[in-house]
Structures are given as structure tokens and as C-alpha cells.
Amino acid sequence: MKKIIYILYSCTLAFMAACTNEQAVDRSQESLYIQGIKILLGETDSDVVSRALSDYSVNQSNDPTGTLTGRETWNLDVTIYDGTNAYRSQTFTWDSTEEYWVGDTLFFPNYTRQLVEAKLSAPGWSEIRTDQRILSDFLEQDVLIQNGEVYITVYPGHDPEIPMKHAHTILDFRINGIDPAQLDSVIILIGDTAYLPYQVVSGTVPEYIVIIPPGTTSPTVRLVTTEATRYLQTTVGEITNTDVNGCYCFILNGMQLELGEITVINWITGLGIPGEYTTEETYPTFRGPANRTYTVTYDNGLSQEIILNDQGEYTARPAGRAIVSVSYQDKILEIDPPYVLSGMIIDLYSYFSRFDLL
């Protein structure tokens, strides 16, 4: 079965590429009968993974939004334009045998280069679902669109290919320096609406992704802990008026949810969006017994007070790179070999515990 049937062509093949909707053509004559359509994420398949951020799951192999797999039962709605006017509209469905989207009779105008709108969505989808904890529920919120801003060229005997992008915004964030066993739930608050994200990475540094409406400003991340059902939250006020097809990546550090760097990228290509970076200087978190103040000395001769809060944490810029001693009141503990700061969590509890007063 041919995917596109050549019916009547008003230009010779030699001048096919020059035939446009500005030319004087007989628009009552249909030319190309389209039976199948292919869609792409981005301009080329390689765009999806070639520029991904290695620190985050978006566009990586474990990103469920980076592929068309799993969308076979969805509907592809296509509108072809004749200049600025809608010319034909139709819903296409996936044909696993032919491996393209098929529909009933759909003609393309008898000039080959036209604007096309398209939308790929799950059956019955109407608005973004707030509970996205299950993978299938999360993926169904990832509507793909082509908003009619690119021209699609159709040639006899070839499948027209429509480049698509994500219709909404995605947040990709990691929580560093917290015991995952203490987490009861993770919630994204946008106004009065609570979104429950999909956990894309488990382990010591859990990572979450959630699809939210474009135009969102100041989302709030809230953690509910199992210990005394305590709420910890921070509002990411630096994220404003989120974009269609925009991905916002950031890290939250420690139980106080200190906000780290925010990176804004194109959801498909991973390319940074010019002028859309918000960087907050990120400092590591010292850990030890709660409500104590210690002094650490570095190999450069500088000293620094570590004022631990009731969670046993203190976030600050270190005065050096390697700690050579810890002092508390009149006691000094030499550290040999020195404790080299190499991560965002500086766990000194084992050193502090050597003091008799702990």
C-alpha cells in the first residue's frame, strides 16, 4: 500500500520545488493524496539526545518524554493551511504495520509547501493531570504540538514529516543531602494547585520530573517528611513565565532546601535558552550534632565557625579546601589526613562525636 498517491499535478517535476501558494494555480484541483504522516521530536532524531545535560535525566536514556515510544494509542490531529486559511483537518492514528500515522482521505493543496498545525495527545486528554507519580500518567501529560510556524513540503511517493515540540513546561530537579527514607511525599505547588511529580531517579540523590502549564511563575517545592510529618519547602521565585517546550533544571540542597543553580534549556535539544539562566551561588552543607557551634581550621590557616541548627546542618561558603582541625570550647581535634571538601555535603559528625561533651 502506497503511503502517498499521486493523483493530479499541476506543475511539471522540473518546476515542482518552485510551485508555491503565491502562484496562479487552479485550487479546485487536488494534487496529492496523503495517506500516511511521520512525526519527529525536533528537526532531526539526533537533536533529542545530542545536546542533553549530563547532570539531569531530561533528554537522557531514562527520560520518558524523549521518545515517541508509548504514544501509539494517541491521536494525531493535523490541519493543513492554504496560505493563512485552514484547508483540511483530520485525525490520524498509528499503523504499527506501516509504522506511520494513517487517516482517511486527506488531500494536500496542489502546491507542495504549506503551513501545518499538528497535535499529538492521549485519547480524552483535556488538561494537565496533577497526579503524575505513575509513569503512564506522567507521559500522558506530554502533549506534542506543531503550531503552524514551519512549512511542510510534500513530494510524490514520500511521507510528509512534521517536526513536533512539547506543548507544556517541565521541571527537572534533584534533592541532594537528604535521606530518601525520610521522605513521605514531594509536592509542587503552583498557586493553590498541587502537582505530584514522577520520580525518575531513586537512590541517595532522588530526582523528579513534573509537567506543568506554560506561563507558570514561582513554583514551590514542598517535602513532607516521615519524621513528625514536618514540611520543608522553598519557592523557586526565579522561575517566571515558563515557556512552551521549556525545561527548568535545578538542585535543592539539604534539609533547609537551599536552592542551587537553575538552568533553562530547550526541552528537546537541550540547548540553553539565551538570557534565561538564573544562577545562585551554591554552597555545601556542613553536618553534625544539632545546636552546636564548632570551629574548623583549614590547611590555608583560615578558621571558620560552623553553627549547626536544630537539624544539625549549616550551609556556608567554606574558607578553605581541606580541614586540618576541629575545635569545640577548649578542645582541639587534629584531623590527619586532612578532610578534603569534595562534595555538597560535608559530614563531620564522626569527628565531632569524638568530643566528650557530645
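Everything numeric here is computed off the predicted structure, so don't read it as measured data. For reference, positions follow the sequence shown, starting with 1. Quick note: numbers below take in every heavy atom, side chains included, and nothing from hydrogens, waters or symmetry partners.
Partner N245 forms a side-chain hydrogen bond (donor to acceptor under 3.5 Å, both in side chains) with one of T169, N266, N147 and no other, that one being N266.
Qualifying side-chain contact (heavy atoms from CB on, under 4.5 Å) partners for I335, counting only residues two or more places apart in sequence or in other chains: I323, V326, Y339, Y351. Under the salt bridge (charged side-chain N to carboxylate O under 4.0 Å, His left out) criterion, D137 pairs with R129, not counting sequence neighbours. Remark: D131 pairs with R133 by the salt bridge (charged side-chain N to carboxylate O under 4.0 Å, His left out) rule, at least two apart or across chains. Applying the salt bridge (charged side-chain N to carboxylate O under 4.0 Å, His left out) rule to E117 yields no partners; only residues at least two apart in sequence or on another chain are considered.
Annotation: the span from I39 atom CD1 to W74 atom CH2 amounts to 9.5 Å, rounded to 0.5 Å. Interatomic distance, W101 CH2 to T93 OG1, rounded to the nearest 0.5 Å: 8.0 Å. Note that CD1 of I346 is 4.0 Å distant from CG of L341, once rounded to the nearest 0.5 Å. For the atom pair CG (L139) and CD1 (I134), the distance works out to 13.0 Å, reported to the nearest 0.5 Å.
Scanning all heavy atoms of the two residues, the minimum distance from I188 to L171 falls at CG2-CD1, 4.1 Å. Heavy-atom minimum distance, W267 versus C247: CA-CB, 4.0 Å. Taking both residues in full, the closest heavy atoms of Y208 and I175 are given as CE1-CD1, 3.9 Å, listed atom of the first, atom of the second, then distance. Considering every non-hydrogen atom in both Y314 and I307, the closest pair reads CD1-O, 3.0 Å.
Side-chain atoms of I251 and Y56, non-hydrogen and from C-beta on, do get closer than 4.5 Å to each other. R321 places a side-chain heavy atom less than 4.5 Å from the side chain of V340.
Sequence neighbours left out, the pairs with a member in residues 56-78 that pass salt bridge (charged side-chain N to carboxylate O under 4.0 Å, His left out) are R71-D142.
A donor-acceptor contact closer than 3.5 angstrom is absent between the side chains of Q132 and Y195. Side-chain polar atoms of E258 and T315 form no donor-acceptor pair below 3.5 angstrom. N62 and S57 share a side-chain donor-acceptor pair at under 3.5 Å.
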Steps toward side-chain contact (heavy atoms from CB on, under 4.5 Å) verdict (V116, V78): CA-CA 7 Å; V116 173; V78 177; 3.8 Å; yes
Side chain to side chain donor-acceptor pair (under 3.5 Å) evaluation trace for T297 with S303: CA-CA 4 Å; T297 301; S303 297; 3.1 Å; yes
Residues L40, K38; criterion side-chain contact (heavy atoms from CB on, under 4.5 Å); working and verdict: CA-CA 7 Å; L40 302 173; K38 290 185 176 180; 5.9 Å; no
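Within the 3.5 Å criterion, the main-chain N or O of V210 finds no donor-acceptor partner in the side chain of Q141. Remark: the backbone N or O of G215 is paired with a side-chain donor or acceptor of T242 at under 3.5 angstrom.
Other residues sharing a hydrophobic cluster with V324 under the 4.5 Å side-chain heavy-atom criterion for ILVMFWY residues do not exist; the residue is a singleton.
The neighbour count for L135 CG, taken as heavy atoms of other residues, nucleotides or ligands under 6.0 Å away, is above 12.
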